[in-house]
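Read the structure below first, then the notes.
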Amino acid sequence: MNKKLNVPNLETARAAYGNPNYERGTKYLSWPGRPLYYSHAYVISNENLRHSTGLTRDMGRKVLTVAGSGEQPLFYTLNGATQIDTFDISYCARAIMDIKTQAIKSGMPYEKYVQLLTDLHFKPSASQVSGMSEILPKIPAHSAEFVRGMNGYRIFGHGLPPENYKKEMISGDEYAILQKKLPDHFNFIWSDVADLHTHLTTEYDVINLSNIFEWTPELIQPTLQNLHNHVRPGGYILAQTGCGMSINKNINKFIQTAQALEHWAKIDINKQKYKNQIVILKRIR
């Protein structure tokens with residue numbers, strides 16, 4: 001991506017989706033597919049974010065995380081992070097993150113919030129979703145313009161419906177905490193992971209690279225090497241996936257990476273239930 005590009009191009013986005021009649025499908029509703037600049041977003045993560053964000057609880061307050069479904073920065077907020085930057089290759093990820101953040105921040109009742117996510121997943125038009133008319137004017141302008149401009153395209157229809165991810169969803173109690181702690185919005189960097197380091201000017205306590213390397217295993221070593229100067233000594237980079245066996249499938253690449261980077265980092269693997277795993281890289285010098 002051109003580093004100067006930070007505003008979505010609606011003409012390009014619409015052309016990428018092609019047929020606006022989502023019932024007949026679009027290019028971006030096919031599976032499998034490598035995420036691109038306007039790939040449709042999940043409204044709920046399929047990862048155990050309570051577990052993964054909790055691994056670095058109290059190990060630092062400054063976090064860079066993939067925007068994803070918009071829940072990654074929410075869970076890091078719950079775990080004590082106070083400065084959170086986000087990034088993603090897809091602009092749709094920014095849009096869902098901004099919508100969810102503002103819905104929570106604005107005092108929307110939890111039950112209405114859950115319905116909002118369900119409607120966003122199924123409906124092709126933001127104008128058909130209850131509550132959106134109040135939310136859109138309060139999120140960052142380019143993000144709001146993108147959602148309005150993509151009316152008629154199912155930009156939040158990735159994955160299974162929210163009801164399939166009830167355990168992964170923010171709970172009512174967590175929601176109440178977030179209503180008091182969330183910022184108005186999270187900083188967003190529109191970038192693929194290969195170029196991410198070119199947009200960074202600081203060090204983070206934690207960098208979260210979830211649901212990326214199952215698509216781009218060839219980028220494991222160069223990405224971790226490039227992010228060396230952007231995680232503080234003693235800080236962590238997490239590579240995780242909601243697709244159970246993806247880390248096992250690429251384990252040799254992680255082993256090779258550990259050997260190549262042993263002069264400044266060590267790598268461990270944290271196993272979760274359902275065969276999900278998280279690769280944890282700690283900068284040691």
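- Considering only residues two or more places apart in sequence or on other chains, S171 meets the side chain to side chain donor-acceptor pair (under 3.5 Å) condition with E174.
- Side-chain atoms of D119 do not come within 3.5 Å of backbone N or O of F122 as any donor-acceptor pair.
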* Asked: Step by step, would you call N211 with Y42 a side chain to side chain donor-acceptor pair (under 3.5 Å)?
  -> CA-CA 12 Å; N211 274 324; Y42 289 90; over 6 Å; no

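- Note: K181 NZ to T77 OG1 = 7.0 Å, rounded to the nearest 0.5 Å.
- In this structure, Y175 has its ring center under 6.0 Å from that of Y113.
- Between D88 and R94, none of the side-chain N atoms (NZ, or NE/NH1/NH2) sits under 4.0 Å from a carboxylate O, so this pair counts as no salt bridge.
- Listed by chain and residue number, nothing satisfies the side chain to side chain donor-acceptor pair (under 3.5 Å) test with E168 (two or more places apart in sequence, or in another chain).
- S45 places a side-chain N or O within donor-acceptor distance of the main-chain N or O of E47, the cut-off being under 3.5 Å.
- Here the CG-CG distance, from L64 to N208, works out to 8.5 Å after rounding to the nearest 0.5 Å.
- Of all non-hydrogen atoms in M97 and T101, the two that sit nearest each other are O-OG1, 2.8 Å.
- Looking at residues two or more places apart in sequence or on another chain, you find a side chain to side chain donor-acceptor pair (under 3.5 Å) between T12 and N9.
- Summarising the geometry, atom CG belonging to N46 is positioned 8.5 Å from atom NE2 belonging to H158; distances are rounded to the nearest 0.5 Å.
- Contact record, S39 with S90: O-OG, 2.5 Å, taken as the closest heavy-atom pair.
- In this structure, K166 NZ and E163 CD are separated by 6.0 Å, a value rounded to the nearest 0.5 Å.
- For the atom pair N151 CG and K123 NZ, the distance stands at 12.0 Å (nearest 0.5 Å).
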Under 3.5 Å donor-acceptor pairs involving side-chain atoms of residues 134-147, not counting sequence neighbours:
residue : atom : partner : partner atom : Å
S143    : OG   : D98     : OD2          : 2.9

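- In this view, S130 satisfies the side chain to side chain donor-acceptor pair (under 3.5 Å) rule with no residue, not counting sequence neighbours.
- R283 places no side-chain N or O within 3.5 Å of a backbone atom of H230 that could act as its donor or acceptor partner.
- Residue pairs meeting the salt bridge (charged side-chain N to carboxylate O under 4.0 Å, His left out) criterion with at least one member in residues 61-77, sequence neighbours excluded, are D58-R61, E71-K100.
- The distance from atom CG of L74 to atom CG of L49, rounded to the nearest 0.5 Å, is 9.0 Å.
- In plain terms, the two heavy atoms of T86 and F186 that are nearest each other are CG2-CB, 4.1 Å.
- Between F87 and W190, a ring centre-to-centre spacing not shorter than 6.0 Å is recorded.
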